[in-house]
There are 2 protein chains.
Amino acid sequence: MTVTLADVAARAQVSPATVSRVLNGNYPVAASTRERVLRAVDELDYVLNGPASALAAATSDLVGILVNDIADPFFGIMASAIQAEIGGPGGRAGGERLAVVCNTGGSPERELTYLTLLQRQRAAAVVLTGGAVEDAPHAAAVAAKLRKLADAGTRVVLCGRPPAPDTEAVALTFDNRGGARALTGHLIGLGHRRLGYIAGPEERTTTRHRLEGHRAALAAAGVEEDPRRTVHGRYDRRSGHEATLELLRRDPSLTAIVAANDSVALGACAALRESGLRIPEDVSVAGFDDLPFSIDAVPSLTTVRLPLAEAGARAGRIAMGREEPPPGGIASVRGELMVRGSSGVPRE
Amino acid sequence: MTVTLADVAARAQVSPATVSRVLNGNYPVAASTRERVLRAVDELDYVLNGPASALAAATSDLVGILVNDIADPFFGIMASAIQAEIGGPGGRAGGERLAVVCNTGGSPERELTYLTLLQRQRAAAVVLTGGAVEDAPHAAAVAAKLRKLADAGTRVVLCGRPPAPDTEAVALTFDNRGGARALTGHLIGLGHRRLGYIAGPEERTTTRHRLEGHRAALAAAGVEEDPRRTVHGRYDRRSGHEATLELLRRDPSLTAIVAANDSVALGACAALRESGLRIPEDVSVAGFDDLPFSIDAVPSLTTVRLPLAEAGARAGRIAMGREEPPPGGIASVRGELMVRGSSGVPRE
DNA sequence: TCCCGTGTAGAAAGCGCTTGCTATCTGATG
DNA sequence: CATCAGATAGCAAGCGCTTTCTACACGGGA
């Protein structure tokens, strides 16, 4: 039924070994033989059996990419960049690799399960994106898994995620703290003193780092911090909407709202508008990430641009062994403050 | 070095066959034995070798999802829904499957290459999303590939893509034509007569269908169609921006702009605003898809909502054989007109 | 002329798992 | 008490490919 290597070999009148060598091209084969084999492959419409070859060679050409939410452009952009580099079809030379994008939904268990699945497939590399959950047992479990993967020869790269101690994983971290600090600093510089903060889900490194940056900026300016001005939510628009109403309820005199990310900021804008408040005249709004739609918001969003595509591309290259890992295996990627229309001098 | 089935068998004092059966759970194994095996698996931290088992069983637990652009929420949302259904970790019972999201970038060659790669992996199912390219040779090549995949036992589902004739592929098509017609009809109903149309890339079914719907609406209302009022571009914001400037240059008296999709519409809004035109007072704008950010645009976007998540979920279920394919293997999914702030009565 | 290095090709031993078939043991049946 | 169906477990033959080791040819140097 299905064509196998042996069929091709028979047709080309060579041994299976030779066909394999032609296909893998890492062993000298006379030009005439090679051509004969290639012709047979073509005539029989032969397609290599991936599992069989992975089994025999003890390696596969799968590369795993773990994301929290594939429907979120934040991850989509990184995944896209990573994938472009791992050399799927259309990529540079080298064996074609299949990118396996896994949607963890932010759940630690699923993250672990996917890692196991990838380990089971003997993935060539794994790139984990997005913040990690700050749960000690889980962090330990992930670290153990990463160690095991590394032992099995899988290259592990963290992209936009804090380093995993005691692990061979290379980490490209986003400087969330620094970015957040610059952002809030900008708002304070404009004269804001009563700032609401819509944080992401608790227990996530990204959430904590951004919040820390925010607080550091407040502290640096001697602005007293009121815990009631911080609300936690999810990283989506809906959450921004709800949180904003809540913040407004708690303190209607807020002059600025800093959101965990751009989607949240958009939800905040909607809530403010519905509440009859103008942006930025009544309340300034700031996001984080600078996703493509942020510039189209009205007013366009003041935010921190994260070089998602660049970081992803670099992570992809490192995962493929095409670029040297940063010294110490850790690099911090800075964001850039983008001041736009949604932030202005406070009223009064 | 690595733990194998045999090691587990030795430890549990049973044969490899028994271990395999416990792990696959499709053969009676005494409870006590099963427990002993499971304990051994746990103690040895055993992870099944995917390729080996795929080879032996002649099937794999990989499911391919082809998308045009993973960074685009349009595809991200569908991919996410599909993946949730194919039962990755956290999904319903059944073997855990790994979703392989492949980014074709809209390129026919890459599409074909990915299909081959999936065929090589003996994928359990493949879901192709997004419009197809209208190139006869390519369409034939894809059809041939799909046929071969089906022959090899891979289930093939098209989601948001026109049916592939002479193929066993199940198709869930979006009614782009009907949606576009309703959308333009809405604008005409408001009184618009000079409508610009920003189409997607030529040679794509989605582009053509939406354009046909638009023209059908114009024809139905007896509005003469001026070819100069249609511009082709890509499905992104930038393209919408450029195309709008071009349309405005060609005919400054336009009162409405219909975009190929929401991203394009947002770009159009930006361009209009930069040109000093108000939306919708001076020019109405309409998009397509109703992506999450569209409701947050200012004014919020009039568009056609496509049930991306629902269609994806259904495609996923069909791919897993958990839902009956529609009669004839083809179903048309309708969009819903969402009238919002970006469309209004024309000036003058 | 003989020997050996070089360039190619083949033989064959697995890689780790699944599964059809067979073997064994149990309690129930006649 | 012999027989047998039913429930479990093991044997062993692959699945299709890679790769080590070996074999063979050929041409040049001694």
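Note that these values count all heavy atoms, side chains included, but never hydrogens, waters or copies made by symmetry. Bear in mind that the values here come from a model prediction, so they are computed numbers and not experimental data. A, B, ... follow the sequence lines: proteins, then strands. Residue 1 opens every chain.
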Nearest-angstrom distance from the residue atom [atom1] of [X] to [atom2] of [N]:
X: B/Asp7; N: C/dC15; atom1: CG; atom2: P; answer: 12 Å
X: B/Leu5; N: C/dT19; atom1: CG; atom2: P; answer: 12 Å
X: B/Arg36; N: D/dT8; atom1: CZ; atom2: P; answer: 14 Å
X: A/Tyr27; N: D/dT22; atom1: OH; atom2: P; answer: 13 Å
X: A/Gln121; N: C/dG16; atom1: CD; atom2: C1'; answer: 13 Å

Categorize [X] for me: base, sugar-phosphate, or nothing, with a 4.0 angstrom heavy-atom threshold over every strand shown.
X: A/Ala57; result: sugar-phosphate
X: A/Val19; result: nothing
X: A/Ala58; result: nothing

Check: Does any N or O in the side chain of A/Arg147 come within less than 3.5 Å of the main-chain N or O of A/Thr167, such that one atom is a donor and the other an acceptor?
Finding: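 Answer holds: no.
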Checklist line | Under 3.5 Å: donor-acceptor pair, side chain of B/Thr18, backbone of B/Val14 | finding: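 No, because the side chain of B/Thr18 does not come within donor-acceptor range (under 3.5 Å) of the backbone of B/Val14.
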I want to verify a distance call: between [options], whose nearest atom is closest to the [X] side chain?
X: A/Asn24; options: C/dG16, C/dA9, D/dT18; value: D/dT18
X: B/Asn26; options: C/dA11, D/dT18, C/dT19; value: C/dT19
X: A/Ala56; options: D/dA9, C/dT18, D/dG16; value: D/dG16

Note to self: Just to be sure I understand the geometry, which residues of residues 47-55 of chain A put a non-hydrogen atom under 4.0 Å away from DNA chain C?
What the structure shows: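 Correct list: A/Leu55.
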Checklist line | Short N-O contact, B/Arg317 and B/Glu310, less than 4.0 angstrom | finding: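 Here B/Arg317 does not pair with B/Glu310 in a salt bridge, since their nearest N and O are not under 4.0 Å apart.
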Next item on the list: Find which nucleotide of DNA chain D each of A/Arg21 and B/Arg34 is nearest to by heavy atoms, and output the residue with the more 5' nucleotide.
Entry: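 Per heavy-atom nearest nucleotide, the more 5' residue is B/Arg34.
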Next item on the list: For B/Ala30, enumerate each residue passing the side-chain contact (heavy atoms from CB on, under 4.5 Å) test, keeping only those at least two apart in sequence or located in another chain.
Entry: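 In terms of side-chain contact (heavy atoms from CB on, under 4.5 Å), with neighbours along the sequence ignored, B/Ala30 is linked to B/Ser32, B/Thr33.
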Next item on the list: Determine: side-chain N/O of B/Thr18 to OP1/OP2 of D/dT8, distance under 4.0 Å, yes or no.
Entry: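 Result: no.
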Checklist line | N/O (side chain, A/Ser15) to phosphate O (OP1/OP2, C/dG10) under 4.0 Å | finding: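 Yes, A/Ser15 has a side-chain N/O under 4.0 Å of OP1/OP2 on C/dG10.
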Notebook entry, point to check: Only one of A/Ile318, A/Leu149, A/Leu115 clears side-chain contact (heavy atoms from CB on, under 4.5 Å) with A/Val156; which?
Noted result: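 With A/Val156 as partner, A/Ile318, A/Leu149, A/Leu115 yield a single side-chain contact (heavy atoms from CB on, under 4.5 Å), made by A/Leu149.
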Check: For A/Val67, which of A/Asp72, A/Thr104, A/Asn103 qualifies under side-chain contact (heavy atoms from CB on, under 4.5 Å)?
Finding: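 Single pass found, and it is A/Asn103.
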Enumerate, atom names and distances included, each donor-acceptor pair closer than 3.5 Å involving a side-chain atom of residues 117-128 of chain A, sequence neighbours excluded.
unit_1	atom_1	unit_2	atom_2	d
A/Gln119	OE1	A/Lys145	NZ	3.0
A/Gln121	NE2	B/Asp61	OD1	3.2
A/Arg122	NH1	A/Gln119	O	2.8

